[in-house]
Amino acid sequence: KQEVTQIPAALSVPEGENLVLNCSFTDSAIYNLQWFRQDPGKGLTSLLLIQSSQREQTSGRLNASLDKSSGRSTLYIAASQPGDSATYLCARGNNNDMRFGAGTRLTVKP
Amino acid sequence: DTAVSQTPKYLVTQMGNDKSIKCEQNLGHDTMYWYKQDSKKFLKIMFSYNNKELIINETVPNRFSPKSPDKAHLNLHINSLELGDSAVYFCASSQRFDDGELFFGEGSRLTVL
């Protein structure tokens, strides 16, 4: 059973475009929702963490939202750049237990 | 200064061997984890320790045994390695066991021949 689902699996956009990555989860009783970035052959870098009591978090060109009732989170990237190319993973946290989606592989073309 | 460090980064070994991967965090966190990322890039939790105490132990073969000598270290020992154990293993830590932000190591790529 896939607890965390990310759509699309891959996305290719031209530089400068705004884009949205989607994450859905089956367990609405979450503690937090975290978005990560993973570059090829590298570990995961935390981008944004949304606690269950929050609706969204922003960092620079990134904005993440959380809707617990519908079991969804989105990561909005504004004015995309080639350096944003990476795999983006979301993870839902529930009492010491983080469950990950399979990720969205983003390619931003110059 | 690396917050979560794993060694070795690459490990190539024969089936049947026993190997270990070490993890250390210098963030002062209470909770540490081991995750396995398979060939499809899917991350799955294996173990979680809070203050050296095992909290989560997913359905992992008992050939895998975590050991936490202190809060800052969580090592992973694997006995009788099998081909299917080939994956990237990530160590992570969080400040609290219930709702902390996760910080990951760079990963250890294990290849079993």
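Letters A, B, ... mirror the listed sequences (proteins, then strands); counts begin at 1. Predicted, not measured: the structure shown is a model, and the values here were computed from it.
Looking at residues two or more places apart in sequence or on another chain, you find no side chain to side chain contact (heavy atoms under 4.5 Å, CB included) involving B:E53. By the ring pair (Phe, Tyr, Trp, His ring centres under 6.0 Å) test, B:F90 is found to be paired with no residue, residues two or more places apart in sequence or in another chain being considered.
For A:L89, the part lying under 4.5 angstrom from a heavy atom of chain B is the side chain only. A:R99 touches chain B through its side chain: at least one heavy atom from C-beta onward sits under 4.5 Å away, while N, CA, C and O do not. In this structure, chain A has no heavy atom under 4.5 Å from any part of B:F103.
Taking each heavy atom of B:F104 and A:L44 in turn, the nearest pair found is CB-O, 3.6 Å.
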B:L102/A:F36 under side chain to side chain contact (heavy atoms under 4.5 Å, CB included): CA gap, chis, key distance, verdict: CA-CA 9 Å; B:L102 278 180; A:F36 296 86; 3.8 Å; yes
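Follow the hydrophobic side-chain contacts under 4.5 Å out from B:V60 and you reach B:Y89 in the same cluster. B:L83 and B:F64 fall within the same hydrophobic cluster, where Ile, Leu, Val, Met, Phe, Trp and Tyr residues are linked whenever their side-chain heavy atoms come under 4.5 Å apart, directly or through other members. Clustering ILVMFWY residues whenever any of their side-chain heavy atoms sit less than 4.5 angstrom apart, transitively, puts A:Y88 in a cluster other than the one holding A:I7.
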